[in-house]
Amino acid sequence: MLGTMEEFIPENLEEAGRRYSGFGKDLYRQIEQRFPDVFSNLQYYQCIDIQTEDSCAIYTNDQNSFVFSLIPYAKK
C-alpha cells in the first residue's frame, strides 16, 4: 500500500512526532481528537531510502484501508 519504489520501516507515533516537523505535523493528533476509531487503527512508517523526512500512516480495518502521506515541503 505504500508503494514499491521506496523502503519503509515501522515507527510509533512518538517517533514520528519527534522526527517529522513539516506541513501537517499535527494531523495525527487532530485525527486522534476528532476520529478516535480511525486513530486507533493507524500504523506509522518512515521512508528510509528516498525521502527520509516523509511520514506515512496506514489505516486498515475489515472493510477499508487508506494511507496518509505527510510531505514536509508541501504548502497549505
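The structure presented is a predicted model; accordingly, all values stated were derived computationally and were not measured.
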> Does the Asn12 side chain pair with the main chain of Glu15, one donor and one acceptor, at a distance under 3.5 Å?
Replying inline: yes

> In Å, rounded to the nearest 0.5 Å, how long is the span from CD of Glu32 to OG of Ser40?
Replying inline: 10.0 Å

> Any idea which heavy atoms bring Phe68 and Ile31 closest together, and the distance?
Replying inline: CZ-CD1, 3.4 Å

> Taking all atoms of both residues into account, what is the closest heavy-atom pair of Pro36 and Gln33, and its distance?
Replying inline: CD-O, 4.2 Å

> Rounded to the nearest 0.5 Å, what separation is found between the CD atom of Glu7 and the CD1 atom of Ile48?
Replying inline: 4.0 Å

> Would Ile58 and Leu42 satisfy side-chain contact (heavy atoms from CB on, under 4.5 Å), going step by step from the backbone distance to the final call?
Replying inline: CA-CA 5 Å; Ile58 297 177; Leu42 290 178; over 6 Å; no

> Hey, mind stepping through Ser69 and Ile71 against side-chain contact (heavy atoms from CB on, under 4.5 Å) and telling me if it holds?
Replying inline: CA-CA 6 Å; Ser69 182; Ile71 302 168; 4.2 Å; yes

> Is there side-chain contact between Leu13 and Phe39, with heavy atoms separated by less than 4.5 Å?
Replying inline: yes

> Parallel, tilted or perpendicular: which describes the rings of Tyr59 and Phe66, with under 30° parallel and over 60° perpendicular?
Replying inline: parallel

> What closest approach, in Å, do Gly24 and Leu70 show between heavy atoms, and which atom pair accounts for it?
Replying inline: O-CD1, 3.6 Å

> With no hydrogens and no angle check, is any side-chain donor or acceptor of Asn41 less than 3.5 Å from a backbone partner on Asp37?
Replying inline: yes

> In Å, rounded to the nearest 0.5 Å, how long is the span from CD of Gln43 to SG of Cys56?
Replying inline: 12.5 Å

>> Show the nearest heavy-atom pair for residues Gln46 and Arg19, with the distance to one decimal.
In response: NE2-CD, 3.1 Å

>> If we check ring-ring contact (aromatic ring centres under 6.0 Å, His included) with Tyr28, which of these qualifies: Phe35, Tyr20, Tyr44?
In response: Tyr44

